[in-house]
Protein chains: 2
Amino acid sequence: MMNDVFKALSDPTRRKILDLLKEKDLTAGEISEHFNMSKPSISQHLKVLKGAQLVVDEKKGQYVFYSLNTTVFQDIINWAFEFYGKGGC
Amino acid sequence: MMNDVFKALSDPTRRKILDLLKEKDLTAGEISEHFNMSKPSISQHLKVLKGAQLVVDEKKGQYVFYSLNTTVFQDIINWAFEFYGKGGC
DNA sequence: TAGGTATTTAGTTATTTACTTAAAAATTAA
DNA sequence: TTAATTTTTAAGTAAATAACTAAATACCTA
């Protein structure tokens with residue numbers, strides 16, 4: 001579970017996708033416009049992000065909108081807190 | 001920089017090494033005892049963790065002690081906070 | 001229905017990664 | 001110095017990853 005998350009985060013293209021989604025929800029096509037990369041490659045990256053539950057997709061007509069799933073980011077924070085300091089925020 | 005960190009964290013063996021170091025500092029040999037894996041493999045994993053500055057090493061005689069570098073974990077928390085909620089703790 | 005757009009799936013290839021064993025380097029002690 | 005111990009480096013290999021193109025799927029509109 002956390003393995004899927006860190007594997008997903010280990011690729012710079014996928015982290016940049018997350019950065020884009022921080023601003024606003026985007027379709028697969030809009031996301032791909034930000035990269036010098038084929039649409040299928042971006043689609044695969046989105047699949048990995050979705051598998052890690054870092055993003056959620058929603059189909060609207062012929063478009064698929066992607067958005068962040070913030071709960072997993074909380075999991076990452078909790079994971080890192082165990083190393084940084086013994087509890088406390 | 002953050003790329004090295006997430007790449008380092010993407011492997012379960014390396015995350016388990018970090019878990020072990022959460023308890024106490026350990027030598028390379030002590031770490032390797034916790035795995036069904038050759039010492040050179042563990043040494044390579046330690047090199048990756050060190051490259052990401054997630055751990056620090058200190059030579060004491062013929063032993064090399066490894067310990068956590070907590071500052072990078074703070075960086076991870078800061079990174080994730082930007083997705084979770086706009087600031088605030 | 002037919003054609004167009006958006007997205008994903010399938011199949012292929014080059015690169016990277018994680019492991020192995022063997023050898024080297026560095027330290028300790030007889 | 002020689003031998004033993006700890007750790008890293010080097011070289012090789014199998015599996016995973018990330019990219020591509022081509023084809024399939026799904027939806028919309030004329």
Side-chain angles (χ1 to χ4, degrees), chain A residues 1-21 23-69 72 76, chain B residues 1-21 23-69 72 76:
Chain A
M1 183 263 176
M2 246 6 214
N3 194 53
D4 292 332
V5 172
F6 285 118
K7 276 243 187 299
L9 294 176
S10 70
D11 182 88
T13 298
R14 288 193 290 266
R15 289 200 307 281
K16 188 176 168 189
I17 290 173
L18 296 175
D19 282 331
L20 292 171
L21 294 175
E23 302 307 318
K24 67 170 189 286
D25 298 354
L26 295 170
T27 67
E30 287 171 332
I31 291 168
S32 75
E33 286 170 11
H34 289 82
F35 298 88
N36 289 329
M37 199 178 288
S38 67
K39 283 174 196 293
S41 292
I42 296 298
S43 183
Q44 304 255 39
H45 282 306
L46 288 169
K47 190 177 182 178
V48 173
L49 289 170
K50 193 177 152 188
Q53 296 184 272
L54 284 158
V55 302
V56 167
D57 65 346
E58 187 185 355
K59 187 150 195 176
K60 289 186 182 172
Q62 57 189 343
Y63 299 92
V64 179
F65 280 83
Y66 283 87
S67 56
L68 294 177
N69 175 25
V72 176
I76 296 166
Chain B
M1 184 265 176
M2 245 9 212
N3 194 53
D4 292 332
V5 172
F6 285 118
K7 276 244 186 299
L9 294 176
S10 72
D11 182 88
T13 299
R14 288 194 289 266
R15 289 199 307 280
K16 188 176 169 188
I17 290 173
L18 295 176
D19 282 331
L20 293 169
L21 293 176
E23 302 307 318
K24 66 169 190 285
D25 297 353
L26 295 169
T27 67
E30 287 171 332
I31 291 168
S32 75
E33 286 170 11
H34 290 83
F35 297 89
N36 288 329
M37 199 179 288
S38 67
K39 284 177 198 292
S41 292
I42 296 299
S43 183
Q44 305 226 55
H45 282 305
L46 289 169
K47 190 176 182 178
V48 173
L49 289 170
K50 194 176 152 189
Q53 296 185 270
L54 285 158
V55 302
V56 166
D57 65 345
E58 187 185 356
K59 187 151 196 176
K60 289 185 182 171
Q62 61 192 139
Y63 298 91
V64 178
F65 280 83
Y66 282 88
S67 56
L68 295 178
N69 175 25
V72 176
I76 297 166

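Proteins come first, then strands; the chains are lettered A, B, ... in the order of their sequence lines, and each starts at number 1.
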DNA chain C: A/Lys7 or A/Tyr63, which has the more 5' nearest nucleotide?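 That would be A/Tyr63.
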
Contact nearer the 5' end of DNA chain C, comparing A/Pro40 with B/His45: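 Per heavy-atom nearest nucleotide, the more 5' residue is A/Pro40.
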
Check whether any side-chain nitrogen or oxygen of [X] sits under 4.0 Å from OP1 or OP2 of [N], and answer yes or no.
| X | N | result |
| --- | --- | --- |
| A/Ser41 | D/dA19 | no |
| B/Thr27 | D/dT6 | no |
| A/Tyr66 | C/dA6 | no |
| B/Ser43 | D/dT7 | no |

Sub-4.5 Å side-chain heavy-atom contact between B/Leu9 and A/Leu9: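 Of all side-chain heavy-atom pairs linking A/Leu9 with B/Leu9, none is under 4.5 Å.
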
Look at the side chain of B/Gln62 against the base of C/dT28 and say whether a donor-acceptor pair falls under 3.5 Å; ignore hydrogens and angles.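 Answer no: no donor N or O sits under 3.5 Å from an acceptor.
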
Within this structure, what is the [atom1]-to-[atom2] distance between [X] and [N], rounded to whole angstrom?
| X | N | atom1 | atom2 | value |
| --- | --- | --- | --- | --- |
| A/Ile42 | D/dT21 | CD1 | C1' | 16 Å |
| B/Leu46 | D/dT6 | CG | C1' | 13 Å |
| B/Lys39 | C/dA22 | NZ | C1' | 16 Å |
| A/Lys47 | D/dA18 | NZ | P | 13 Å |
| B/Lys50 | D/dT7 | NZ | C1' | 11 Å |
| B/Leu49 | D/dT8 | CG | P | 12 Å |
| B/Ile31 | D/dT8 | CD1 | C1' | 14 Å |
| A/Lys16 | D/dA18 | NZ | C1' | 16 Å |

With sugar-phosphate meaning primed atoms plus P, OP1 and OP2, does A/Phe35 contact a base, only sugar-phosphate, or nothing at under 4.0 Å between heavy atoms?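 Here A/Phe35 touches no strand at all.
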
Once you apply a heavy-atom cut-off of 4.0 Å, does A/Lys60 come out as touching a base, just sugar-phosphate, or nothing?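 If one applies the 4.0 Å heavy-atom cut-off, A/Lys60 turns out to touch nothing in the nucleic acid.
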
Shortest side-chain distance from [X], nucleotide among [options]:
| X | options | result |
| --- | --- | --- |
| B/Val64 | D/dA18, D/dT7, C/dT7 | D/dT7 |
| A/Gln44 | C/dG11, D/dA10, C/dT7 | C/dG11 |
| A/Ser38 | D/dA19, D/dT8, D/dT21 | D/dT21 |
| B/Met37 | D/dA18, C/dC19, D/dT8 | C/dC19 |

Shortest non-hydrogen contact from [X] to [Y]?
| X | Y | result |
| --- | --- | --- |
| B/Ile76 | A/Ile76 | CG2-CG2, 4.0 Å |
| B/Ser10 | B/Lys7 | OG-O, 2.7 Å |
| B/Ala52 | B/Asp4 | CB-O, 3.5 Å |

Ignoring hydrogens and angles, tell me if any N or O in the side chain of B/Asn69 forms a donor-acceptor pair with the backbone of B/Gln53 under 3.5 Å.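 Yes: the side chain of B/Asn69 pairs with the backbone of B/Gln53.
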
Steps toward side-chain contact (heavy atoms from CB on, under 4.5 Å) verdict (B/Thr13, B/Ile42): CA-CA 8 Å; B/Thr13 299; B/Ile42 296 299; 4.3 Å; yes

Identify, between B/Asp57 and A/Lys59, the residue whose nearest nucleotide on DNA chain D lies closer to the 5' end.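 Result: B/Asp57.
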
For A/Thr13 and for A/Gly61, find the nucleotide of DNA chain D with the closest heavy atom, then tell me which residue's nucleotide is more 5'.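 Going by which nucleotide is closer to the 5' end, it is A/Thr13.
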
